[in-house]
Peer 1: 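Next up is a structure, given as structure tokens.
Values below: all heavy atoms of this structure, side chains included; hydrogens, waters and symmetry mates excluded. The sequence lines fix the lettering, A, B, ..., with proteins before strands; numbering per chain opens at 1.
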Amino acid sequence: MAESEDIAIDDLSTEYAKGDVRNMVRKLSENNWEIPIGHIPNMRVPGRLFVSENLLDGIEPGTIDQIANVATLPGIQKYSMAMPDAHLGYGFAIGGVAAFDMEEGIISPGGVGFDINCGVRLIRTKLQKEEVIPNIKTLTDELFKNIPAGVGSKSRFRASDKELDCAFLEGAKWAVEAGYGVEADTEYCEANGYMEGADPSHVSTKARNRGKPQLGTLGSGNHFLEVQYVDKIYDQEMASTFGLEEGQVTVMIHCGSRGAGHQICTDYLKELSKAVKDHKIEIPDKQLACAPAQSREAQNYFKAMLCAANYAWANRQMITHWTRESFENVFGRDAEDLGMNLLYDVAHNVAKLEEHTVDGKKKEVYVHRKGATRAFPPGHPEVPAVYRDVGQPVLIPGSMGTPSFILCGSKEAMDISFGSACHGAGRVMSRAQAKKEFRGQNVKDNLEAQGITIRAAHPSVIAEEAPGVYKSSSEVVNVVHELGIARKVARVLPLGVTKG
DNA sequence: ATGTTC
């Protein structure tokens, strides 16, 4: 019983009215608000909320409290941040970014979230939308058939213990070596598709057993696979560097580490809620369970988290392979001929040790991004060579039936937000509320009337993920563009979507 | 997000 209480997200907003948010923040400049030290006791740094005037009114007061709560944690650098798609999460707000000193700071599972290394990848094609539209129903059916989706869905691939370990240790690199992709794929993944330091001995049997049958599945909720086309280019030169042009068909894959990541998060929340007491860290909310960055407990979590992160990259890689096969089956040409190469794969739920400049000095910090996308600038060594002059591709998925965006990272992101930008649209109502307001069949009919084909494992997911339950992705993206932490390159619109 | 309140 105590466990389920721990995992429930407290509704911190009940004691406030929505309009109270205006009294909690101080405008520093356009799209940039401060939550001053003193909002709650023991804040070590101020909070920062990157949001427009209009989006501010949709932010729950509890989200502001969560940003302030994170600002009390040991070793936090500069300020506790949240992106324009911020909303209530477990402990840390979703949309939150926080960097901690690698010696004096902490590591917290709540700063990463349950879906460890949830992320987005985008595959280019040489196809034009006119070639795909007549086949979109067949293609969407084929994708739905080949890529398992839905809660508890099982993969076509039955991972052995050894193969699971390989996925934990080497992520997308292992998947490519196992025949699920081409060598160039890993070059276009954040961290080349796997992070060093993962240690499966810190992953529970329960997490392994959940992960084994799910390697190569899409999952549920806001996860999706979408056939899209480029409908707008904001910057011709950057788009051309990313290999994008108007009318071109792309495929976006949005998913994470499934039950494995979820179980690893659950396991270590329990571990670290003990550790936080043992190390006498005072936290304003028990959901902020954490441990000193170099402690055994924090490092064990980190090694297990890396396993889940690598699993997620392997997962997206296997899905990529079956996406290529699906296109080959429908168009009768091989994937290479169809130009189906990877534009990029970027994480938006992960903690990483990165070098950043703080107070004019370079230092290593544990950056926690929870619903925030890495957005590294031009010239950064971790940006693939062909994009080096432009910056890292930042992939922002829309909600079902709405536009997605391709942006690029910037120097401003390094200066302002530890190299981070937003991650998506952000919910405006709960799943339960969504099911009251929308009917799956109506939502589907509306989307199909706009020429968007939907295939979902269960009709309720269509209601839960209806376009109306999300903030406008355009509005969110405009904030990061105006702040300069990521720049708009292109917009893509959906043609066919598969969902859990 | 999630074997959707082990």
Peer 1: Could you tabulate the donor-acceptor pairs under 3.5 Å formed by side-chain atoms of residues 188-197 of chain A, not counting sequence neighbours?
Peer 2:
from: A:E190; atom 1: OE1; to: A:A347; atom 2: N; distance (Å): 3.0
from: A:E190; atom 1: OE2; to: A:K352; atom 2: NZ; distance (Å): 2.7

Peer 1: Rounding to an integer number of Å, can you tell me how far A:F114 CZ sits from B:dT4 P?
Peer 2: 13 Å
Peer 1: Taking atom C1' of B:dC6 as reference, at what distance in whole Å does atom NZ of A:K206 sit?
Peer 2: 6 Å
Peer 1: Classify A:S220 by what it touches in the nucleic acid, base, sugar-phosphate, or nothing, heavy-atom distance under 4.0 Å.
Peer 2: sugar-phosphate
Peer 1: Using the closest heavy atom to pick a nucleotide of DNA chain B for each, name whichever of A:E465 or A:V151 lands nearer the 5' end.
Peer 2: A:E465
Peer 1: Rounded to the Å, how far apart are A:Q214 CD and B:dT4 P?
Peer 2: 11 Å
Peer 1: Nearest whole Å is fine: how far is B:dT2 P from A:N117 CG?
Peer 2: 13 Å
Peer 1: Hydrogens and angles aside, do A:E325 and A:N146 bring a side-chain donor and acceptor to less than 3.5 Å of each other?
Peer 2: no
Peer 1: A:G259 near the nucleic acid: base, sugar-phosphate alone, or nothing, with a heavy-atom cut-off under 4.0 Å?
Peer 2: sugar-phosphate
Peer 1: So, A:S420 versus A:S417: side-chain donor-acceptor pair below 3.5 Å or not?
Peer 2: no
Peer 1: Between P on B:dT2 and CD on A:E464, what's the gap in Å once rounded to a whole number?
Peer 2: 12 Å
Peer 1: For B:dT2 and A:R258 - does any side-chain N or O of the residue sit under 4.0 Å from the phosphate oxygens OP1/OP2?
Peer 2: yes
Peer 1: Mind checking salt bridge (Lys or Arg N to Asp or Glu O under 4.0 Å) for A:E226 and listing every partner two or more places apart, or none if nothing turns up?
Peer 2: none
Peer 1: Given atom CG of A:N209 and atom P of B:dT2, what is their separation to the nearest angstrom?
Peer 2: 18 Å
Peer 1: Given atom NZ of A:K270 and atom P of B:dC6, what is their separation to the nearest angstrom?
Peer 2: 14 Å
Peer 1: When the distance from NE2 of A:H262 to P of B:dC6 is rounded to whole Å, what number comes out?
Peer 2: 11 Å
